[in-house]
Amino acid sequence: IIANIVKTFKYIYGLRFEVQGLENFEVEGPCVIVSNHQSILDMMGLMEILPDDCVQIGKKELLYTGPVGLIMYLGGVIFINRKSTSNAKTVMSGVAQTMLDENVKVWVYPEGTRNGNGDLLPFKKGAFHLAVQAQANLFTVLYSSFTSFYNPAKKLFISGKIRVEVLQPIETKGLTAEDVADLTERCYCTMRETFFRLSGTAREPLASRHNGLLPDP
Ligand SMILES: CCCCCCCC/C=C\CCCCCCCC(=O)SCCNC(=O)CCNC(=O)[C@H](O)C(C)(C)COP(=O)(O)OP(=O)(O)OC[C@H]1O[C@@H](n2cnc3c(N)ncnc32)[C@H](O)[C@@H]1OP(=O)(O)O
Ligand SMILES: CCCCCCCCCCCCCC(=O)OC[C@@H](O)COP(=O)(O)O
């Protein structure tokens, strides 16, 4: 019900979604889906391709937003306290078991916060721990940059097109906690490349950005 309501908002805002690779989602069983998170507009992009039986990880503060919090609660959103790593990790390790028991998919924004500056923030590791703990497939989804049509700082919000790509799943069978850092890094590189390709922006050298050798754009 929520998805169908939110999916109509694109007509009001004049947004078009061009989705590629949706057939990759046609796999039964639990999985973890990670995607980039630029703004609240992502709720439209999320509902556009949301598979059945999929819940999201959200920050606890959203639970206290009145009707929206209630809708999210009823929709099965898993709330975590981002300020407490140990608390968040406890919640997330329970999620791995629930995923398997109840056959659900979990959608995580691994940047952990909204980021609309035309690049990806470094990833948090929770989503990747979750995939490894559940030995479930990991899907990556990318939404092209909104900056050309949506920029709150410049008071810009016009109609526009969002390109979406669902990439091939990554298997985590046989991986252990030791492989999580590597898995995270691999996903980050692929997702960043895909993000720039979809957005039509030039790719900046990753290593120099990471070392802080280049200033932020
Ligand atoms: C009428 C219409 C109405 C319409 C209404 C519409 C309603 C819509 C309804 C429904 C849509 C709902 C949509 C919801 C959207 C919500 C969006 C958000 O809220 S985004 C923010 C929250 N999301 C996250 O933060 C991501 C998840 N975060 C994580 O996974 C983090 O990793 C976290 C919190 C678990 C820890 O974060 P750390 O900041 O401490 O950083 P780290 O580097 O990841 O972890 C620190 C150490 O802990 C280990 N660690 C992390 N998780 C672990 C685990 N599970 N097990 C073991 N170790 C773990 C890591 O390996 C790392 O250790 P080493 O540096 O490697 O040594
Ligand atoms: C305008 C089209 C969408 C219409 C939906 C209206 C209902 C509101 C839905 C609430 C979902 C909120 C999702 C969201 O984007 O939360 C913020 C967190 O991710 C990150 O928090 P922050 O960047 O760290 O503050």
Side-chain angles (χ1 to χ4, degrees), residues 17 21 31-50 54-63 65 72 77-85 87-89 91-92 95 105-133 136 138-153 162-167 169-170 172 180-199 201-212 214-217:
F17 289 91
C31 67
V32 175
I33 304 167
V34 293
S35 81
N36 59 325
H37 189 18
Q38 303 179 65
S39 123
I40 190 165
L41 296 179
D42 284 320
M43 293 309 106
M44 282 190 265
L46 169 74
M47 299 308 175
E48 202 64 29
I49 61 165
L50 190 70
C54 182
V55 298
Q56 303 82 18
I57 304 270
K59 57 174 184 178
K60 210 179 190 113
E61 292 87 334
L62 293 171
L63 180 57
T65 49
M72 290 172 79
V77 172
I78 299 153
F79 295 99
I80 57 164
N81 180 356
R82 293 187 298 186
K83 294 184 193 85
S84 160
T85 300
N87 182 292
K89 283 200 292 199
V91 172
M92 303 267 290
V95 174
K105 303 174 166 66
V106 181
W107 189 297
V108 189
Y109 294 112
E111 294 172 277
T113 184
R114 286 164 293 174
N115 167 47
N117 72 0
D119 201 347
L120 300 187
L121 296 175
F123 284 174
K124 308 263 178 203
K125 298 207 184 84
F128 306 93
H129 277 289
L130 183 59
V132 168
Q133 281 163 11
L138 181 65
F139 285 86
T140 51
V141 178
L142 273 299
Y143 295 88
S144 61
S145 175
F146 301 166
T147 47
S148 62
F149 63 87
Y150 175 69
N151 188 336
I162 299 164
R163 297 179 67 195
V164 190
E165 194 163 321
V166 181
L167 302 184
I170 300 166
T172 64
V180 167
D182 185 52
L183 178 67
T184 309
E185 185 64 27
R186 240 181 339 126
C187 277
Y188 181 77
C189 292
T190 319
M191 286 176 71
R192 195 163 180 262
E193 237 161 66
T194 310
F195 176 64
F196 287 140
R197 177 166 54 74
L198 292 178
S199 310
T201 44
R203 187 181 190 281
E204 283 172 48
L206 185 63
S208 1
R209 272 297 288 282
H210 261 185
N211 299 337
L214 279 180
D216 280 334

J.: Once side chain to side chain donor-acceptor pair (under 3.5 Å) is applied, do any residues pair with Thr85, and if so which ones, sequence neighbours excluded?
T.: none

J.: Show me the donor-acceptor pairs, under 3.5 Å and distance only, between side chains in residues 40-48 and residues at least two apart or in other chains.
T.:
{"residue": "Asp42", "atom": "OD2", "partner": "His37", "partner atom": "ND1", "Å": "2.8"}
{"residue": "Asp42", "atom": "OD2", "partner": "Gln38", "partner atom": "N", "Å": "2.5"}
{"residue": "Asp42", "atom": "OD2", "partner": "Ser39", "partner atom": "N", "Å": "3.0"}
{"residue": "Glu48", "atom": "OE1", "partner": "Lys10", "partner atom": "NZ", "Å": "3.3"}
{"residue": "Glu48", "atom": "OE2", "partner": "Lys10", "partner atom": "NZ", "Å": "3.3"}

J.: How long is the span from the CG atom in Leu120 to the CZ atom in Phe196, to the nearest 0.5 Å?
T.: 6.5 Å

J.: Going through the checks in order, is the side-chain contact (heavy atoms from CB on, under 4.5 Å) test met by Ile57 and Met92?
T.: CA-CA 9 Å; Ile57 304 270; Met92 303 267 290; 3.7 Å; yes

J.: Kindly write out the residues that satisfy side chain to side chain contact (heavy atoms under 4.5 Å, CB included) with Val55, not counting sequence neighbours, or none if the list is empty.
T.: Ile78, Val106

J.: Restricting to side chain to side chain contact (heavy atoms under 4.5 Å, CB included), what partner residues turn up for Val166, sequence neighbours left out?
T.: Leu22, Asn24, Phe25, Ile49, Phe139, Val141

J.: On a heavy-atom basis, which atom in Phe17 and which in Val164 lie closest, and how many Å separate them?
T.: CD2-CG2, 4.0 Å

J.: My understanding is that only residues two or more places apart in sequence, or in another chain, count here; which of them pass side chain to side chain donor-acceptor pair (under 3.5 Å) with Thr194?
T.: none

J.: What is the minimum heavy-atom distance between Asp119 and Asn117, and which atoms define it?
T.: N-OD1, 3.1 Å

J.: Find out whether Arg197 and Glu165 are in side-chain contact, i.e. whether some heavy atom of one side chain is under 4.5 Å from a heavy atom of the other.
T.: yes

J.: Is the backbone N or O of Gly116 less than 3.5 Å from a side-chain atom of Tyr150, with the two atoms forming a donor-acceptor pair by type?
T.: no

J.: How long is the span from the CG atom in Leu50 to the CD1 atom in Ile33, to the nearest 0.5 Å?
T.: 7.0 Å

J.: Which pair of non-hydrogen atoms, one from Thr140 and one from Met191, has the smallest distance, and what is that distance?
T.: CG2-SD, 3.6 Å

J.: According to side chain to side chain donor-acceptor pair (under 3.5 Å), who are the partners of Ser35, at least two apart in sequence or on a separate chain?
T.: Trp107

J.: Check whether any side-chain heavy atom of Thr172 lies under 4.5 Å from a side-chain heavy atom of Leu183, and answer yes or no.
T.: yes

J.: Run the salt bridge (charged side-chain N to carboxylate O under 4.0 Å, His left out) test against Arg82 and tell me which residues pass, sequence neighbours left out.
T.: none

J.: Rounded to the nearest 0.5 Å, what's the gap from SG on Cys187 to CZ on Phe123? Could you check?
T.: 7.5 Å

J.: Could I get the full list of side chain to side chain contact (heavy atoms under 4.5 Å, CB included) partners for Ser84, not counting sequence neighbours?
T.: Asn81, Ser86, Asn87

J.: For Arg114, give me all partners under salt bridge (charged side-chain N to carboxylate O under 4.0 Å, His left out), at least two apart in sequence or on another chain.
T.: none

J.: Minimum heavy-atom separation for Leu138 and Phe128, please, with both atom names.
T.: CD2-CD2, 3.7 Å

J.: Kindly write out the residues that satisfy ring-ring contact (aromatic ring centres under 6.0 Å, His included) with Phe195, not counting sequence neighbours, or none if the list is empty.
T.: none

J.: Step by step, would you call Ser145 with Thr147 a side chain to side chain donor-acceptor pair (under 3.5 Å)?
T.: CA-CA 6 Å; Ser145 175; Thr147 47; 2.8 Å; yes

J.: Please round to the nearest 0.5 Å and tell me the distance separating atom NZ of Lys124 and atom OG1 of Thr113.
T.: 9.0 Å

J.: To the nearest 0.5 angstrom, please state how far the OG atom of Ser148 sits from the CD1 atom of Ile162.
T.: 9.0 Å

J.: Give a yes or no answer on whether the side chain of Asn36 reaches the backbone of Tyr143 with a donor-acceptor pair at less than 3.5 Å.
T.: yes

J.: Once side chain to side chain donor-acceptor pair (under 3.5 Å) is applied, do any residues pair with Glu111, and if so which ones, sequence neighbours excluded?
T.: Asn115

J.: Could you list the residues that satisfy side chain to side chain contact (heavy atoms under 4.5 Å, CB included) with Met72, not counting sequence neighbours?
T.: Leu62, Val68, Val77, Phe79

